[in-house]
Number of protein chains: 2
Amino acid sequence: MIITKTVKEVKEHVREWKKQGLSIGLVPTMGYLHEGHASLIKKAREDNDIVIVSDFVNPIQFGVGEDLESYPRDFAADCKLCEGLGVDLIFNPSPEEMYLDGFHSHVGVDVLSQNLCGKTRPIHFNGVCTVVTKLFNISEANRAYFGQKDAQQLCIVKRMVRDLNYNIEIIGCPIIREDDGLAKSSRNTYLNPEERKAALILNKALTSGKSLLLSGELDADKIKKAITDIINSEPLAKIDYVEIVDTKELQPVKQITGEVLCAIAVYIGKTRLIDNFFA
Amino acid sequence: MIITKTVKEVKEHVREWKKQGLSIGLVPTMGYLHEGHASLIKKAREDNDIVIVSDFVNPIQFGVGEDLESYPRDFAADCKLCEGLGVDLIFNPSPEEMYLDGFHSHVGVDVLSQNLCGKTRPIHFNGVCTVVTKLFNISEANRAYFGQKDAQQLCIVKRMVRDLNYNIEIIGCPIIREDDGLAKSSRNTYLNPEERKAALILNKALTSGKSLLLSGELDADKIKKAITDIINSEPLAKIDYVEIVDTKELQPVKQITGEVLCAIAVYIGKTRLIDNFFA
């Protein structure tokens with residue numbers, strides 16, 4: 001497995017692989033890899049000749065007061081996991097390598113970024129689109145893999161690729177959960193044992209909401225209220241948002257007529273967790 | 001010469017050319033081609049196996065009240081010129097083909113977009129960066145050619161390519177002028193005979209400013225004043241801006257210590273013309 005910190009070195013390898021006609025799969029990550037990431041890497045390994053994992057805590061997608069400094073990191077463990085899954089190259093650049101002196105460029109997607117996490121994280125998705133654009137260009141990947149846990153991110157990246165004609169296929173992969181239902185996240189490591197138990201309320205509330213919807217309830221407010229009430233029953237939980245949006249423009253719906261995304265963000269203590277379902 | 005209006009068809013040809021290992025040069029234009037464009041096409045023809053010209057009046061780089069509707073168009077003449085210069089493919093999409101239903105993506109470069117034309121055309125360069133990104137992705141060009149007449153655009157596109165790691169080389173080409181010194185521009189067609197004569201004041205003023213600089217004057221305000229005075233001597237001319245900026249961040253300089261861009265925008269009647277020099 002090639003481990004590199006420079007764009008130049010990645011591009012040299014990519015040029016060689018392209019010359020040989022090999023397909024490339026990219027798994028963009030912020031490191032501290034867990035089974036959610038592993039599922040993306042395994043899918044990439046199945047689909048492509050070459051698998052590149054990027055391991056980079058992207059500063060420009062964090063707002064002031066967010067957890068950029070404390071975001072968990074363990075590059076040695078990440079390398080071990082990637083090596084075990086047959087990754088060909090792991091790209092672990094410094095912020096200075098990614099954002100050169102005089103960096104002023106930005107990429108973003110309006111409308112889809114305005115609700116859900118975009119409300120409390122106004123610069124987040126521009127930061128994501130910008131770094132993802134860079135990673136697409138550096139890796140020249142044929143396919144890139146994103147988890148459905150970050151549902152809004154997945155929708156936005158897909159739209160960006162369509163709108164801007166990127167020559168890459170975006171593959172969304174299902175949420176991977178702990179045995180007790182908590183969605184896997186690098187941020188789960190922030191939770192103390194009591195909070196870890198309290199965090200189960202997210203999946204519990206969403207499961208109830210989904211049952212309600214599948215049983216025929218099409219009034220979004222009623223489903224949101226049911227989810228909200230369950231989360232509020234947990235003293236350690238504080239809701240950031242509970243929302244049901246259409247899957248095209250990610251705008252709130254009143255009456256459910258087509259496919260929707262039901263997404264929530266909840267603070268458990270100081271840790272902000274997200275989860276969702278499509279239905 | 002292939003003439004096509006669809007992204008799909010361009011991509012099919014590009015895939016075939018790439019498979020054969022051919023290099024591709026892109027000349028992005030808004031059509032109504034003149035000798036300035038021809039010089040870009042000729043350079044692209046020398047440097048590459050394949051030359052693609054895009055011919056698209058890009059609506060998202062025009063602000064309210066600008067000349068989107070009246071912008072001159074003559075696609076038949078453009079095809080003739082391209083055919084004569086050995087262009088392989090001319091891409092002439094509709095706005096609907098470029099901006100699909102639900103298009104919400106944008107690309108831009110801050111700081112470099114804020115001065116010069118950016119002051120009076122606040123959305124212009126985001127529109128340029130967005131369409132250029134699309135054209136780069138659609139054409140998968142190895143090189144793209146831009147005229148130095150649009151000096152700010154050239155600097156911004158170069159920065160975008162560097163910042164976002166596009167796999168393309170940006171080639172800037174010299175300003176092409178009429179025999180009497182007026183920089184070639186599709187917008188020159190708006191000028192009536194009297195205005196056409198008055199428009200010579202741009203090149204005259206810049207030539208004087210450049211002489212002053214090369215003779216050792218390093219006070220930017222003095223050079224700007226000399227240029228301004230000459231332009232103001234022409235009754236049909238109305239200055240939008242006369243500015244001297246550094247070539248890295250395009251910020252106004254007081255004392256000239258390194259390379260600068262001296263750029264002007266002047267209304268001749270209702271027609272806004274630009275011109276510049278690097279020194």
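Chain letters run A, B, ... following the sequence lines, proteins first, then strands; residues in each count from 1. As a basis for the values below, the full set of heavy atoms in this structure was taken, side chains included, without hydrogen atoms, waters or symmetry mates.
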Taking atom CD of A:Glu69 as the centre, report whether more than 12 heavy atoms of other residues, nucleotides or ligands fall under 6.0 Å from it. no
Give, as side chain, backbone, both or neither, the part of A:Ser113 having an atom under 4.5 angstrom from any heavy atom of chain B. neither
Verify the neighbour count for atom NZ of A:Lys5: are there more than 12 heavy atoms of other residues, nucleotides or ligands below 6.0 Å? yes
Which bit of A:Lys11 is near chain B, if near means a heavy-atom gap under 4.5 Å: side chain, backbone, both or neither? side chain
Winner by heavy-atom pair count (cut-off under 4.5 Å) against chain A, out of B:Val107, B:Leu135, B:Leu164: B:Leu164
Minimum heavy-atom separation for A:Phe103 to B:Asp163, with atom names? CE1-O, 3.2 Å
Got more than 12 heavy atoms from elsewhere within 6.0 Å of CD, A:Glu259? yes
Using only atom types and a distance under 3.5 Å, with no angle test, would you say the side chain of A:Asn167 pairs donor to acceptor with the backbone of B:Asn137? yes
Is there a side-chain contact between A:Asn165 and B:Met98, using heavy atoms and a 4.5 Å cut-off? no
Can you see which heavy atom on B:Arg159 is nearest to which on A:Gly102, and at what distance? NH1-O, 2.9 Å
If I take atom NZ from residue A:Lys248 and atom CG from residue B:Asp101, how far apart are they, to the nearest 0.5 angstrom? 4.0 Å
Let's test your reading of the structure: which of B:Arg162, B:Glu249, B:Met160 forms the most heavy-atom pairs below 4.5 Å with chain A? B:Arg162
